[in-house]
Visitor: 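Have a look at the structure that comes next, please.
The basis for the numbers below is simple: all heavy atoms, side chains too, and nothing from hydrogens, waters or symmetry mates. Numbering starts at 1 and runs along the sequence shown.
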Amino acid sequence: MIHARQALLASGWAQDVRITLKDGRIDQIAPNTAAQTGDVRVNTLLPALGNLHSHTFQRAMAGMTELRKAGRDSFWTWRELMYRFMDRLTPEQIEAIAALVFVEMQEAGYASVGEFHYVHHQRGGAPYDALAELSLRVMAAAGETGIGLTHLPVLYTYGGAGKVALAEGQMRFGNDVDRFADLVQGARAGLSALPDDARVGIAPHSLRATSPDDLARALADHQGGPVHIHISEQPKEVEDIQNWLGARPVEWLLANAPVDAGWCLIHATHMTEGETRAMAASGAVAGLCPITEANLGDGPFNGPTFLEAGGAFGVGSDSNVNISLTEELRTLEYSQRLRDVARNVMVVGEGSVGATLYTGAARGGAQALGRDAGEIAPGRLADLVAIDSTDPTLCALTPDQILDGLCFAAKDTVITDLWSAGRHNVTGGRHIARDAVVARYRSAVADLLASL
């Protein structure tokens, strides 16, 4: 049982709320009810967000790519450094890094994650004896830390638009469609070791890393679950796809694939107004990663037009250079303010920007992860986060201002507790497995640095 002094329910704010959990879901909600002996008592209870886009292994290279060299640094120069780093990783290191990331995500307020997983093979590209070995390592990290996992094995067949051959740094990613189908089946078999809320979807990496025929075959083989794809992240990507396929990436995808509410289009940074409205109308979720998009110099998303057209969005930590839910949400809004030279941009008409950001990302993240969550209501998964609204950054605010304070004034340190499908993994601001996970991560990183 959980007792909250105040809680943001699907119907709005309520006081003295007692919540009963059953089989990982919210069973009963009783506002204006006193706490009972044995209840977990919290201050302010919110629906927890899902982190819809992550590459966990990149967490271990945070801070290694911020040195400017001769010439102009870009996403593409960063990618070459990432390839060289990734090429050394062992299965044990990948599991240890993923476990740390999953701990940090939950301490930041994320109850679930979409792991966009594209490192599949050994150094040089030879498959492991178990084709899904590295997927199973990610799943083991999720099982240890209790995070809700939507695992997204990536189809990565080509090194660039027009069926360019894989480069040396991409060999660990590569699969044709048939071997990819086998890999997905191996990942699905791994679900048996995880709680029932875990999911497997698929992720065609991008239009540049696949082809129209291969994409169509992969979608035809798909047995259900979310479909995620990188789309329109960089101007060069837009130009390359337009030169090859005769249309811009979002334009081409919407015209040639069955894009609907089961899809998540990651980044979608460079879109025309028409593409923005068409994407919103498709029902697909815009997977926004504001910290990474700023770090890589991707550019800002077309937020006002997308919201006006009724589009769904969520946030993810992508490269995991900084895992912070509050920072993702405020960076999303601030990117819009800097571009438009205006304030309070990410809201339709009038109202709270913080509420639009937080509740929109809660619903959109749950949709993108195929997860029955995103609000506090009976029958929903118990993905819940508690914050200390007596913190100095929040204590002067009314309930209707709490989400504005959380998004723009507070740090993730206000988070006290987190439940993922009812699993109480964070208490007192710390994950229950933190010490063991951090110790193993440090050992793994020491071994990794010794090999470089």
Visitor: Between E144 and R440, does any NZ, NE, NH1 or NH2 come within less than 4.0 Å of an OD or OE carboxylate oxygen?
Guide: yes
Visitor: Is there a donor-acceptor contact under 3.5 Å linking the side chains of N322 and S324?
Guide: no
Visitor: For E233 and T269, run side chain to side chain donor-acceptor pair (under 3.5 Å): C-alpha distance rounded to whole Å, both residues' side-chain angles, the deciding distance at 0.1 Å, then the answer.
Guide: CA-CA 5 Å; E233 181 176 3; T269 309; over 6 Å; no
Visitor: What about F306 and F313, are their ring centers closer than 6.0 Å?
Guide: no
Visitor: Indicate, with yes or no, if the rings of H55 and H117 have centres closer together than 6.0 Å.
Guide: no
Visitor: Under 4.0 Å between a Lys/Arg side-chain N and an Asp/Glu carboxylate O for D221 and R217?
Guide: no
Visitor: Mark yes or no: R337 above the aromatic ring of F408, with NZ or CZ under 6.0 Å from the six-membered ring centre and no more than 45 degrees from the axis.
Guide: yes
Visitor: Will you find, in the side chains of T56 and E115, an N or O donor that is under 3.5 Å from an N or O acceptor?
Guide: yes
Visitor: Answer yes or no: is there an ion pair linking D391 with K411, defined by an N-O contact shorter than 4.0 Å?
Guide: no
Visitor: Answer with yes or no whether the side chains of H270 and Q234 bring together a donor and an acceptor at under 3.5 Å.
Guide: no
Visitor: Is there a ring-ring contact (aromatic ring centres under 6.0 Å, His included) between H230 and F116? Walk through the geometry before answering.
Guide: CA-CA 10 Å; H230 288 138; F116 197 101; 4.3 Å; yes
Visitor: If you look at every heavy atom in I229 and S206, which pair is closest and at what distance?
Guide: CG1-CA, 3.8 Å
Visitor: In this structure, which one of Y158, Y118, F173 forms a ring-ring contact (aromatic ring centres under 6.0 Å, His included) with H205?
Guide: Y118
Visitor: Any side-chain donor paired with an acceptor under 3.5 Å for S317 and N320?
Guide: yes
Visitor: Is a donor on one side and an acceptor on the other found under 3.5 Å between the side chain of T157 and the backbone of N175?
Guide: yes
Visitor: Assess the pair H53 and H228: is the distance between their ring centroids shorter than 6.0 Å?
Guide: no
Visitor: With sequence neighbours left out, which residue pairs that include part of residues 251-279 fulfil the salt bridge (Lys or Arg N to Asp or Glu O under 4.0 Å) condition?
Guide: R248-E275, E273-R277, R277-E308
Visitor: Using distance alone, with no hydrogens and no angle criterion, decide if T305 and T276 have a side-chain donor and acceptor under 3.5 Å apart.
Guide: no
Visitor: For R179 and H120: C-alpha separation, side-chain torsions, deciding distance, then whether side chain to side chain donor-acceptor pair (under 3.5 Å) applies.
Guide: CA-CA 11 Å; R179 190 164 73 174; H120 299 305; over 6 Å; no
Visitor: Do D214 side-chain atoms and T210 backbone N/O form a donor-acceptor pair below 3.5 Å?
Guide: no
Visitor: Test side chain to side chain donor-acceptor pair (under 3.5 Å) on Q106 and H431; report intermediate values, then the result.
Guide: CA-CA 7 Å; Q106 290 174 85; H431 192 282; 3.3 Å; yes
Visitor: Assess the residue pair N43 and T416 against the criterion (side chain to side chain contact (heavy atoms under 4.5 Å, CB included)); give the C-alpha distance rounded to whole Å, side-chain angles, the decisive distance to 0.1 Å, and a yes or no.
Guide: CA-CA 9 Å; N43 194 302; T416 61; over 6 Å; no
Visitor: Test salt bridge (Lys or Arg N to Asp or Glu O under 4.0 Å) on E237 and R208 and set out the steps.
Guide: CA-CA 8 Å; E237 178 179 17; R208 57 186 162 83; 3.6 Å; yes
Visitor: Looking at D197 and R371, is any side-chain nitrogen of the basic one under 4.0 Å from a carboxylate oxygen of the acidic one?
Guide: yes
Visitor: Where the side chain of W263 meets the backbone of A284, is there a donor-acceptor pair that is under 3.5 Å apart?
Guide: no
Visitor: To check you understand the geometry: which heavy-atom pair defines the closest contact between F102 and V113, and what is its length?
Guide: CE2-CG1, 3.7 Å
Visitor: Between R380 and E375, does any side-chain N to carboxylate O distance fall below 4.0 Å?
Guide: yes
Visitor: Is R442 atom CZ crowded by more than 12 heavy atoms from other residues, nucleotides or ligands, each under 6.0 Å away?
Guide: no
Visitor: Between the main-chain N or O of G299 and the side-chain N or O of R339, is there a donor-acceptor pair closer than 3.5 Å?
Guide: no
Visitor: Any idea which heavy atoms bring D372 and G379 closest together, and the distance?
Guide: OD2-O, 3.7 Å
Visitor: What closest approach, in Å, do L403 and A355 show between heavy atoms, and which atom pair accounts for it?
Guide: CD1-CA, 3.8 Å
